[in-house]
Amino acid sequence: MNYLMRRLATFPLVLLGVSILVFVAIRMVPGDSITAMLGTEAGLLTPAQRDSLAAYFGIDQPWFIQYWRWIGGILHGNLGISVTYGRPVLDVIIERFPLTLELAVLSMIIALAVGMPAGIFAATHNEKLSDLGVRIVAMIGQSTPSFVLGLLIIYTLSAGFGVLPAMGEFAPLWQDPLRNLSQMILPAITLGFAFAASVTRISRSSMLDVLSDDYVRTARSKGASARSVIWRHALPNALIPVVTLSGIEFGYLLGGAVIVEQIYALPGLGRMVLDAIQQRDYALVQGSVLFIAFNFMIVNLLVDLAYVALDPRIRLGES
Amino acid sequence: MIGHLTRTLLSGITLAAMLGIATVSTQAATLHMAWSQDATGLDPHKQTAFSSLRLLELIYEPLVRVDASLQIIPAIATSWEFSKDGKALTFKLDPKAKFQDGTAVTSADVKASFERILDEKTGAAARANFLSIAGIDTPDAATVVFHLSQPDAPILTAMSDVNAAIVPASEIKAGSIGTKAVGSGPFKLDKWDPNAKEVLSANKDWAGGATGVDGIEISVLPDEAAILAAMRTKQIDFALLNDPLVATLVPKEASLQLNRVPVLSYHVLQLNPSRKPMTELKVRQAISCAIDRQEVLDTASLGEGKVTGPLTIPALATEPSQLFCYKRDVDKAKKLMAEAGYADGFSATVIGATGEPPTAAAEAQVIQSQLAEIGVKLDIKMMELNVYVDAWLKGDFDMAIALNGGRADPYTMYNRYWTKAGNLQKVANYIDDTLDSQMQQGRAETDPAKRKVIFAEFEKHLAEMSPWIWLYTSYSYTAQQKNIAGFVPTPTGTLFSLSKVTIQQ
């Protein structure tokens, strides 16, 4: 419990660091909200016009005042107003986040459902032809960029079969679950494919490590069945690296899968942040990065807690 | 063979069932449209992005429009007339014109709209085109008189832009322009989810008559290959495409039609004549002679376009072969370099924006290899669009690959660069008395034949001075299902004719 409290206490500090980083980084990039809106036509503005637009976008004050106002707003639960959407940043994020979360969960389910059995199978058939087959597929999965796989799927379905899930009109899960799943399954497969490949490789190597440990040999010599050795004795320990990998990967996915969201036109967090950066919607970029960082910290904490559940010997927070 | 076909068909049906969809049938009354870049805002006086203009011209109307041959035609105004001295421009408004809130469009709305554009607090980039307006009179509700400080023939073309749209005076007063879209155009905006979707419904009160469809739903599909895929499965009826690589695939689909038309915008290699050695006329001319414009077009854009001089307006453009060094001449280029004292060449950096246009990087690479033949070593620096715009506006480059917008009038198109008072002189970094005086003459002249002569001289002189190397104009692409009828592509890229498009059953 102490450990949990201590970890939670570090959250505000980390978030403060992230807030400064994102605030400075987005302002260090050349161009501003005015050039983002007007492009080269911004050159036609008089200084008075430019000042007026700067005031409209809230970039007329020195940066430390802008930062102070932003942080002050956050303490009151206000992440600012997005100039693109004309709405509070938090509202926009909350609207986009469920899709990103759903995509992350679905692709993780696919990755674990495919990757773990494949990894265990390969480990138990070490150096056999079937092991080689799994390794080759995993290597292909890891080295195929998601945009290639995504476009390939879209092209094959539309050109080969004349079908494609409805694009551009996204149905949230709670409104129309069937339609939602039809729209999410291909992006989830696209994302899950590479993820499954990583899970396969790490489960295989970690299982191989564990299978050569003394306690597994002892279990075998005591006459435990092969099935029992793998599932009861070896698997729980072999899972720890898989949990670490999945946790990190899941944390990344909660930040939005930009490329997959772009290809399948899904209105998720990743695409929103990318558009916000391109449009120099400062409040939206800052708010969403902070939100993503917070999610990442929560997932990390959950991964650490999962270690304890998997291996009672691990004591968190003790030297 | 039959077995194979059956299997393919069955697997297709199974897949369709798995995905929870069958091939989506087109609804008769709503046009499903897609584009890869969404509008960035709803204020017609402030927005300059291509997609924003295309959306807003379906909702708002200017006083006049230009048609496919770039002739001025009525919009809110039914007629217009310049006074004899060219210093007054009178418009008669359409008595049937109504805003989407049901109120009539009056001269007071026109006056309030132009006062808003001219007010520096608005931040309207188009203000620069209307600085000759000295006063606006409204003798009655249907008449507006613009008093000009000097004869200004191009102002009429500038007024055809949606950046000069007429908005309700009441909305200006309420400060709601940009948050609420109330225009007098063919469609009403029912919903806008930025970077995702727009829903438009027909404006039954539109003075232009009934629209061909009941509404338009625009989906933002960021990847153009995905747009094409969605068109194959008939989810999308009509789409705007930017990438020639995707556009050229459209005719291969039996059910799809590609509309393409040469546009006014132009691909150009901007030299910076304030930086050595581009300060030297002979160096700039050598670069012009060393570049094979047709090869740039063929390689970077699959030949999808047309080599152009500075003027892209068909009625005014000079045949490129008559302009300075439009036929590649490497020997002449080397000679010019030697005469300028750069026989061994020099090194320079060329900047370009990633993906804007999609051909930018390829253009830079072809030019890099062509200029290497005269000893010019080009370093290519591709940047995110906004970073590029920032550098471009500061004139912080040796050379820049650019896709610059065109206008239906050469003065409005070029006064920003090639006049002494041009707002973008710091980007062009070159001006001479001849160019400035030709532009001023062209501005004051109202006789089309005389204007043509003036601008032909202007174009010839500009190509010879070579501050920039004009390359080519590309096409604007729209793709549509073959059952869509009535769309008229134009050189300005406008989608206004969607107002009369119908969906055949």
Side-chain angles (χ1 to χ4, degrees), chain A residues 29-32 34-53 56 82-86 147 150-151 154-155 157-170 178-179 181-183 185-186 261-265 267 271-272 274-275 277-280, chain B residues 8 11-12 15-16 18-24 32 34 38 40-41 46-49 120-128 178-179 193-197 217 219-223 225-226 228-230 232-233 235-236 384-393 402 404-405 416 423-424 426-427:
Chain A
V29 184
D32 57 24
I34 301 174
T35 52
M37 179 174 86
L38 296 175
T40 53
E41 298 282 306
L44 301 183
L45 297 175
T46 62
Q49 284 182 302
R50 188 163 248 288
D51 289 348
S52 162
L53 284 176
Y56 170 77
S82 154
V83 285
T84 317
Y85 293 78
F147 72 90
L151 287 176
I154 287 179
Y155 179 80
L157 285 181
S158 68
F161 300 101
V163 292
L164 203 64
M167 294 179 81
E169 286 173 72
F170 182 73
L178 264 184
R179 187 179 156 92
L181 278 179
S182 79
Q183 290 179 314
I185 193 71
L186 295 179
E261 286 175 7
Q262 285 278 101
I263 293 173
Y264 290 97
R271 226 181 106 194
M272 185 195 76
L274 180 71
D275 290 331
I277 292 171
Q278 284 171 350
Q279 291 166 3
R280 299 292 190 271
Chain B
T8 311
S11 44
L15 256 172
M18 272 170 59
L19 295 170
I21 37 108
T23 44
V24 179
H32 293 271
D38 199 16
T40 54
K46 284 187 191 168
Q47 292 299 318
T48 57
E120 287 190 287
K121 285 195 190 104
T122 308
R127 176 180 179 272
T179 50
D193 184 4
N195 301 315
K197 193 167 189 58
E217 285 188 15
S219 298
V220 184
L221 306 185
D223 192 289
L228 184 58
R232 277 193 204 107
T233 56
Q235 287 181 34
I236 299 293
E384 187 249 10
L385 179 60
N386 240 318
V387 178
Y388 168 88
V389 168
D390 191 65
W392 189 91
L393 286 171
N404 291 342
R416 58 185 67 183
N423 309 57
L424 294 178
K426 59 185 178 298
V427 178

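A, B, ... follow the sequence lines: proteins, then strands. Residue 1 opens every chain.
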Among [options], single out the residue with the greatest number of heavy-atom pairs under 4.5 Å to chain B.
{"options": "Gly150(A), Ser158(A), Gly31(A)", "value": "Ser158(A)"}
{"options": "Ser52(A), Pro30(A), Ser82(A)", "value": "Pro30(A)"}
{"options": "Val83(A), Ile154(A), Thr40(A), Asp275(A)", "value": "Thr40(A)"}
{"options": "Asp51(A), Leu45(A), Ile34(A)", "value": "Leu45(A)"}
{"options": "Ala265(A), Ala48(A), Gly43(A), Pro267(A)", "value": "Gly43(A)"}
{"options": "Arg271(A), Met37(A), Arg50(A)", "value": "Arg271(A)"}

Please classify the contact of [X] with chain A as side chain, backbone, both or neither, using a heavy-atom distance under 4.5 Å.
{"X": "Leu221(B)", "answer": "both"}
{"X": "Lys426(B)", "answer": "side chain"}
{"X": "Lys121(B)", "answer": "both"}

Legend entry - Residue, of Ala124(B), Ala125(B), Pro194(B), that accumulates the most heavy atom pairs under 4.5 Å with chain A: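 Ranked by heavy-atom pairs under 4.5 Å with chain A, first place is Pro194(B).
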Inset, instruction - Would you please name every residue forming a salt bridge (Lys or Arg N to Asp or Glu O under 4.0 Å) with Asp193(B), sequence neighbours left out? - result: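 Counting only residues at least two positions away or on another chain, Asp193(B) forms a salt bridge (Lys or Arg N to Asp or Glu O under 4.0 Å) with Arg96(A).
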Inset, instruction - Could you tell me which portion of Leu38(A) (side chain, backbone, both or neither) has an atom closer than 4.5 angstrom to a non-hydrogen atom of chain B? - result: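 Both the backbone and the side chain of Leu38(A) come within 4.5 Å of chain B.
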Legend entry - Leu53(A) versus chain B, the contacting section by heavy-atom distance below 4.5 Å: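 Side chain of Leu53(A) only, per the 4.5 Å heavy-atom cut-off to chain B.
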Inset, instruction - Decide side-chain contact (heavy atoms from CB on, under 4.5 Å) for Glu217(B) and Lys197(B); before the verdict, give the C-alpha distance in whole Å, the side-chain angles of both, and the deciding distance to 0.1 Å. - result: CA-CA 7 Å; Glu217(B) 285 188 15; Lys197(B) 193 167 189 58; 3.5 Å; yes
Please check if the side chain of [X] supplies one atom and the backbone of [Y] the other of a donor-acceptor pair under 3.5 Å.
{"X": "Glu120(B)", "Y": "Thr46(A)", "answer": "no"}
{"X": "Asn386(B)", "Y": "Gln278(A)", "answer": "yes"}
{"X": "Asp223(B)", "Y": "Ile263(A)", "answer": "no"}

Legend entry - Candidate pair Glu261(A) and Leu274(A), rule side-chain contact (heavy atoms from CB on, under 4.5 Å), full reasoning: CA-CA 11 Å; Glu261(A) 286 175 7; Leu274(A) 180 71; over 6 Å; no
Inset, instruction - Using a 4.5 Å cut-off on heavy atoms from C-beta on, say whether the side chain of Thr40(B) contacts that of Thr84(A). - result: no
Inset, instruction - Given side-chain contact (heavy atoms from CB on, under 4.5 Å), test Tyr85(A) with Asn195(B) step by step and report yes or no. - result: CA-CA 9 Å; Tyr85(A) 293 78; Asn195(B) 301 315; 3.9 Å; yes
